[in-house]
Trainee: 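Take a look at this one; I'll ask things after.
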Amino acid sequence: MFKILYLGLYLLLCGNCIGDYPDGDPKWQLPCSSLYPRVFTSYTPRGNLSSGTYTTQPQLNGMYHCVAACCMKPTCNVALMHNGTCYHVQCESSKICLPLYRKDLANENPPSMVLVKPVEEDEIWNDLLDQINDDTGGFLMDGTEGDHNLFGGLNEISCFTQANCLEHEVCLKPGDKPDVGVCQCSIGYKRNIAGLCTLEEDLELGVTPQMKAQNIKDTGTSVKPPVKRLLVSAVSKEVRLPENEVTLSAYTVPAEQENEHYNYAWSLLSQPDGHSGIMTDQNRMTVKLSNLSEGLYTFKVTVNGSNAYGEAYANVSVLPPKRINQPPIAIISPASQVVKLPNTGAVLDGSSSKDDDRVISYHWELQRGPIGYHPNLVDTPTLQLDKLIPGNYTFKLTVEDSNHITNSTSANITVLKVIDYPPSANAGQDIIIYLPQNTLTLNGNLSTDDHGIASWEWTKSPSDQNKAVDMQNTRTPYLQLSNLEEGMYTFVLKVTDNSEQSSTAEVHVFVKPPTNKPPTADAGENITIALPETKTVLDGRKSKDDIKIVSYHWEQMSGPNTAEFSAVNESLTNVTKLTKGDYEFKLTVIDDNGNKDSDTVNVKVTQNKNAPPKANAGGDQVVVAPISALIINGSKSTDDLRISQWAWSRDSSSLAIGTIIQNSDKSPVLMLTDIVPGRYVFRLKVVDDQGLSNEDTVSVIVKPDPQLLYLVELTLNIGGNMLTVSQKDSLVLKLQMLLRDEASIVVRNLREEPHTGRAVLIFYVEKKGGKAPMRGPEVVKRLKEKLRQDSGLLQLSVANIDTAVCQNNCSGHGVCDQETRLCMCEAFWMQNLIQKYFGNGDSNCDWSILYVIIALLSLVVCWVGLIWGLICLCQRICTGKRHSLRAKKKPPRYSLLQPEPGDESSSFSAHKMVLSESDTDSDDVLFEHRKTKNSSQVRNGKSRNGFIKVGSRVKT
């Protein structure tokens with residue numbers, strides 16, 4: 001009724017126009033004077049989103065309603081259905097809304113469009129529809145083959161006259177169809193994403209026609225199009241593995257002429273992950289592709305000629321190989337059964353049917369049955385039957401897999417009438433329960449006898465003896481079951497009358513898995529072993545799950561020590577390093593639904609006889625300095641029970657230097673610090689609880705640091721507690737720059753100076769090219785020279801630069817003190833003071849003490865001789881001056897005369913005095929004479945005072 005009213009309203013508004021449109025299976029007609037009765041499948045408006053204004057109509061379902069609603073709108077020109085959504089398009093022009101075939105959208109759900117009414121009052125759509133009718137002989141309903149022929153291929157628009165084409169397009173008509181042509185872009189133009197022809201240069205630069213029109217308007221200039229445009233096409237291909245080779249060919253319009261040659265270049269734009277394909281002849285018209293992988297490849301081909309260019313794209317789809325399907329296997333449980341009246345129900349289970357992929361359908365049929373029985377069979381995995389009548393039944397089950405391959409099997413049911421003679425056992429109808437429900441009560445009170453039943457007995461079927469279940473009240477009509485597991489159980493009820501006549505009946509219990517049934521963990525039976533055996537095997541392979549167990553995990557819950565597992569995430573694992581006592585281990589299993597279950601197993605370790613321990617010091621080692629600590633591992637020592645004592649001792653031949661830390665000499669692992677190069681020998685003694693012991697010796701050779709002579713220590717005037725990582729990295733980078741690009745800095749250590757706390761950077765310089773490192777003294781010399789020129793190059797103040805070990809040979813006559821870096825000279829040798837204080841300042845032992853003493857004595861003698869000579873020279877000069885004075889005045893000569901008698905000075909007659917030159921200071925000796933009362937004159941050579949000077953002597 002609603003559709004009739006809707007159609008009547010539509011007829012009133014839209015007029016009369018005839019066209020067939022699919023709306024599901026039936027065909028319908030819409031009369032509308034302006035409606036074009038044509039559905040274009042895999043087509044969109046020529047201008048795409050720029051064709052006009054798109055309006056979504058989510059309330060409209062199907063092309064019928066979409067077109068009808070568009071017909072009633074004066075602004076709707078095209079009705080478009082895409083991905084189940086209706087769109088109404090108000091076109092800018094009739095030409096830009098012409099259908100454009102979209103091969104890339106020709107998939108399982110292609111778009112469809114209907115030309116409802118044109119924009120302009122012209123005949124372009126009428127010409128198009130007339131040509132469709134002429135070419136196809138009527139209206140096309142699928143819009144596939146006819147559309148493709150009409151529009152000339154991918155992304156091309158049919159035309160009848162030049163007026164049908166847009167600006168910059170020409171209508172080209174082939175020879176076989178002179179009335180129908182194709183709108184192609186003019187030379188130098190290329191169709192953009194909007195379906196409009198644009199200059200190639202503008203398309204590559206992103207210049208739109210509006211921008212170009214504005215530019216022409218502003219500047220009055222235009223761009224000259226290229227001389228020649230090549231139309232290139234390449235056909236996409238599809239292959240299926242194991243075929244992995246294909247060829248792609250490019251075709252050009254116009255083709256190559258005799259006087260010209262085109263250059264082809266194929267390139268890969270996209271490829272599947274893990275691509276390993278090979279491209280051959282990629283510079284030819286036909287490219288060969290091989291070793292392709294599953295997925296989609298996208299290629300681009302560019303063709304260049306003499307003042308000509310063109311390009312095209314092609315896809316290669318590599319499909320996976322077809323799977324070889326295995327037919328399903330139909331299984332019915334139970335295959336045969338007997339039902340005794342008054343029971344009228346039975347269960348047939350086909351859920352155990354198998355397939356290599358999956359079973360998609362189950363179909364039950366009654367092949368044979370008594371007359372008058374009309375079952376209502378439901379196609380489910382498990383079939384429940386009721387209202388059975390006496391007779392024989394055969395039911396057929398047909399299963400179908402995902403490849404629509406079928407398989408069948410059948411099951412028999414026998415329904416028996418009640419017999420009057422012996423008792424009739426009736427165990428009840430078959431029952432289905434679902435875990436986690438695992439309890440059930442079976443009712444056998446429907447069993448009958450003409451004289452009454454004397455006893456009841458419930459048992460499991462012999463085929464179910466291995467299935468676990470707890471049975472209670474087995475001597476009553478009501479059997480209570482608990483702890484049922486997944487599967488099918490068969491229980492047998494035996495009834496006996498007073499005449500010892502008996503009868504049996506079976507009932508089937510189907511225990512189905514739950515949605516999330518937890519697995520069942522089984523850690524195995526308890527284990528007992530005796531020392532010296534210290535290992536055993538834990539087996540959890542009996543754990544079960546309805547689908548799959550994805551995780552096993554073993555852990556120790558208790559025990560005298562910690563045992564070791566060979567693998568904790570396996571169903572089967574070895575446990576080692578067991579000792580005397582009781583252990584408990586736990587197994588946890590998890591299925592693929594995340595459900596888990598746990599079980600424990602006990603391991604008891606006994607000791608029949610004590611065995612001595614076996615010491616293992618770890619084996620000899622060779623290590624290379626520097627090492628912060630020497631670690632010797634003796635934990636691999638073993639005992640059948642337990643090692644109670646560990647004792648490490650140093651061998652007499654071992655180096656004595658080295659500090660044992662943290663009392664590790666009483667533990668399995670010995671640790672030493674302050675290690676020096678040499679040979680260390682330690683002895684390990686292990687003792688068990690019963691006092692038995694064993695010893696082992698280990699030797700460790702510490703080799704000197706191979707980089708020791710290349711190490712350089714850079715001491716900074718900054719505390720180690722203040723130096724940051726960024727400062728350290730910047731310092732290393734600046735050192736690298738000072739040493740140029742010929743080497744790289746390798747930082748060995750960063751420490752604090754013991755006494756001052758200043759940061760010390762220890763490094764060596766590695767030459768590039770794998771050469772030997774630079775010698776430490778050379779690095780120190782170069783850095784000192786750089787810092788001597790500018791001390792601020794490193795930004796951080798440098799206190800000292802020196803080699804890590806003193807490499808001064810002390811001139812071959814001494815040794816260098818590592819702490820002070822001063823030479824300790826041998827006997828009779830000393831430091832060259834001149835070089836020390838006036839040279840480079842390096843300590844040395846250049847001077848021999850003997851030579852220095854001789855040199856000093858020689859120097860003293862020279863100085864004394866020089867001074868004596870100067871003194872003598874001065875005396876000569878002074879003596880010469882006095883002699884020159886005596887020559888001018890003749891010195892007097894005196895002699896001592898005898899006094900006359902009666903002279904007062906007679907008292908001196910008995911004495912004579914002689915004065916020589918040595919007794920006086922000079923020849924000019926003056927004597928003070930006494931004056932006598934009567935001055936006497938010199939007579940006969942005598943003076944009055946009684947003195948006579950003769951020469952330089954004075955006589956009295």
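Because the structure is a prediction, the values reported are computed rather than measured.
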Trainee: From Leu761 CG over to Leu723 CG, what is the distance, rounded to the nearest 0.5 angstrom?
Mentor: 8.5 Å

Trainee: Output all residues satisfying salt bridge (Lys or Arg N to Asp or Glu O under 4.0 Å) with Asp802, sequence neighbours left out; order by chain, then residue number.
Mentor: Arg821

Trainee: Are the side chains of Val798 and Leu714 in contact, using a 4.5 Å heavy-atom criterion?
Mentor: yes

Trainee: Quick check against the 3.5 Å criterion: does Asn663 have a side-chain atom that pairs as donor or acceptor with the backbone of Lys666?
Mentor: no

Trainee: Is Arg541 atom CZ crowded by more than 12 heavy atoms from other residues, nucleotides or ligands, each under 6.0 Å away?
Mentor: no

Trainee: Quick one: pull up CG in Leu672 and CD1 in Ile631 and give me the separation to the nearest 0.5 Å.
Mentor: 10.0 Å

Trainee: Using atom types as modelled and distance alone, determine if a side-chain donor or acceptor of Thr534 lies under 3.5 Å from a backbone N or O of Thr576.
Mentor: no

Trainee: Could you pull out the closest heavy-atom pair between Pro560 and Asp582, with the gap in Å?
Mentor: CD-O, 3.6 Å

Trainee: Hey, are Lys535 and Glu564 close enough for a salt bridge, meaning a charged N less than 4.0 Å from a carboxylate O?
Mentor: no

Trainee: Side-chain donor-acceptor pair under 3.5 Å between Ser797 and Asn717, yes or no?
Mentor: yes

Trainee: Using side-chain heavy atoms (C-beta onward) and a distance below 4.5 Å, is Trp648 in contact with Val698?
Mentor: yes

Trainee: Any donor and acceptor pair, going by atom type alone, linking the side chain of Ser654 with main-chain N or O of Val681 inside 3.5 Å?
Mentor: yes

Trainee: So among Glu785, Glu778, Lys784, which one has a side chain to side chain contact (heavy atoms under 4.5 Å, CB included) with Lys781?
Mentor: Glu785

Trainee: Considering non-hydrogen atoms only, spot the tightest contact between Ile632 and Ala617 and give its length.
Mentor: CG2-O, 3.4 Å

Trainee: Indicate yes or no: at least one non-hydrogen side-chain atom of Asp729 is less than 4.5 angstrom from one of Val732.
Mentor: no

Trainee: I'd like to know whether Gln727 forms a side-chain contact (heavy atoms from CB on, under 4.5 Å) with Gln795, so could you lay out the CA-CA distance, the side-chain angles of the two residues, the decisive distance to 0.1 Å, and finally the verdict.
Mentor: CA-CA 10 Å; Gln727 289 176 316; Gln795 292 185 351; over 6 Å; no

Trainee: Is there a side-chain contact (heavy atoms from CB on, under 4.5 Å) between Val676 and Leu655 once you walk through the steps?
Mentor: CA-CA 9 Å; Val676 298; Leu655 288 176; 4.1 Å; yes

Trainee: Trp554 versus Val601: any side-chain heavy-atom pair under 4.5 Å?
Mentor: yes

Trainee: With rounding to the nearest 0.5 angstrom, report the CD1 to OG1 distance, Ile529 to Thr606.
Mentor: 8.0 Å

Trainee: Evaluate the side-chain contact (heavy atoms from CB on, under 4.5 Å) criterion for residues Thr697 and Asp651: first the C-alpha distance (whole Å), next the side-chain angles of each, then the deciding distance (0.1 Å), finally the verdict.
Mentor: CA-CA 9 Å; Thr697 303; Asp651 193 79; 5.6 Å; no

Trainee: Under the rule for side-chain contact (heavy atoms from CB on, under 4.5 Å), what residues qualify as partners of Asp705, not counting sequence neighbours?
Mentor: Ala625, Pro626, Gln707, Leu708, Leu711, Arg748

Trainee: Determine whether more than 12 heavy atoms belonging to other residues, nucleotides or ligands lie under 6.0 Å from atom CG of Asn263.
Mentor: yes

Trainee: Write out all pairs satisfying side chain to side chain donor-acceptor pair (under 3.5 Å) with one or both partners inside residues 845-864, taking only residues at least two apart or from two chains.
Mentor: Ser811-Asp846

Trainee: Going by the salt bridge (Lys or Arg N to Asp or Glu O under 4.0 Å) test, which pairs reach into residues 611-628, not counting sequence neighbours?
Mentor: none

Trainee: What distance do Trp266 atom CH2 and Thr302 atom OG1 have between them, rounded to the nearest 0.5 Å?
Mentor: 10.0 Å

Trainee: Run the disulfide (SG to SG under 2.5 Å) test on Cys845 and Cys810 for me, step by step, so that the C-alpha distance in whole Å, both residues' side-chain angles and the decisive distance to 0.1 Å come before the verdict.
Mentor: CA-CA 5 Å; Cys845 294; Cys810 297; 4.8 Å; no

Trainee: Donor-acceptor pair, distance only, cut-off 3.5 Å: does the side chain of Gln556 make one with the backbone of Asn561?
Mentor: yes

Trainee: Nearest 0.5 Å please: distance from the CD1 atom of Ile278 over to the CG atom of Leu292.
Mentor: 9.5 Å

Trainee: Side-chain contact test, heavy atoms from C-beta onward, threshold under 4.5 Å: evaluate it for Leu578 versus Val603 and give yes or no.
Mentor: yes

Trainee: Are the side chain of Gln621 and the backbone of Val700 linked by a donor-acceptor contact shorter than 3.5 Å?
Mentor: no

Trainee: Would you confirm whether Asn574, through its side chain, and Val537, through its main-chain N or O, come within 3.5 Å as a donor-acceptor pair?
Mentor: no

Trainee: Between His813 and Trp829, how do the two ring planes meet: parallel, tilted or perpendicular, split at 30° and 60°?
Mentor: parallel

Trainee: Do the side chain of Ser551 and the main chain of Val589 share a donor and acceptor less than 3.5 angstrom apart?
Mentor: no

Trainee: Working to the nearest 0.5 Å, report the span between OG1 of Thr573 and CZ of Phe585.
Mentor: 9.5 Å

Trainee: For Ser637 versus Asn616, what's the shortest heavy-atom pair and its separation?
Mentor: OG-N, 2.8 Å

Trainee: Between the side chain of Ser598 and the main-chain N/O of Thr588, is any donor-acceptor distance below 3.5 Å?
Mentor: no

Trainee: If you compare all heavy atoms of Met279 against all heavy atoms of Phe299, which two are closest, and at what distance to 0.1 Å?
Mentor: CE-CE2, 3.4 Å

Trainee: Within a strict 4.5 Å, meaning less than it, do heavy atoms of the Tyr710 and Glu766 side chains meet?
Mentor: no

Trainee: Side chain to side chain contact (heavy atoms under 4.5 Å, CB included) with Trp646: which of Val669, Leu684, Asp665?
Mentor: Leu684

Trainee: Determine whether a donor-acceptor pair (N or O, by modelled atom type, separation under 3.5 Å) exists between the side chain of Ser664 and the backbone of Ile661.
Mentor: yes

Trainee: Mind checking side-chain contact (heavy atoms from CB on, under 4.5 Å) for Pro272 and listing every partner two or more places apart, or none if nothing turns up?
Mentor: Tyr297

Trainee: Specify the closest pair of heavy atoms between Asp689 and Ser644, including all atoms of both residues, with the distance to one decimal.
Mentor: OD1-CB, 3.1 Å

Trainee: Quick one: do the Ser649 and Arg683 side chains pair a donor with an acceptor below 3.5 Å?
Mentor: no

Trainee: Test side-chain contact (heavy atoms from CB on, under 4.5 Å) on Thr600 and Leu587 and set out the steps.
Mentor: CA-CA 6 Å; Thr600 59; Leu587 171 64; over 6 Å; no

Trainee: Considering non-hydrogen atoms only, spot the tightest contact between Gln831 and Cys825 and give its length.
Mentor: N-SG, 4.3 Å

Trainee: If you define the side chain from C-beta out and look only at heavy atoms, does anything of Leu572 sit under 4.5 Å from Leu538?
Mentor: no

Trainee: With a 6.0 Å cut-off (strictly less than), is the heavy-atom count around CD1 of Ile657, excluding the residue itself, greater than 12?
Mentor: no

Trainee: Under 3.5 Å, is there a donor on one side chain and an acceptor on the other for Ser730 and Lys734?
Mentor: yes

Trainee: Taking the side chain as every heavy atom from C-beta outward, state whether Thr673 and Ser628 have any atom pair closer than 4.5 Å.
Mentor: no

Trainee: Checking side-chain polar atoms at under 3.5 Å, does Thr756 have a donor or acceptor matched by the opposite partner on Glu753?
Mentor: yes

Trainee: Only counting residues at least two apart or in another chain, list the ones meeting salt bridge (Lys or Arg N to Asp or Glu O under 4.0 Å) with Lys786.
Mentor: none

Trainee: Please check: side-chain N/O of Thr298 versus main-chain N/O of Leu269, any donor-acceptor pairing under 3.5 Å?
Mentor: no

Trainee: Would you tell me whether Cys806 and Cys816 have their SG atoms within less than 2.5 Å of each other?
Mentor: yes

Trainee: Would you mind checking if Glu752 and Arg758 are paired as a salt bridge, meaning a charged N to carboxylate O distance below 4.0 Å?
Mentor: no

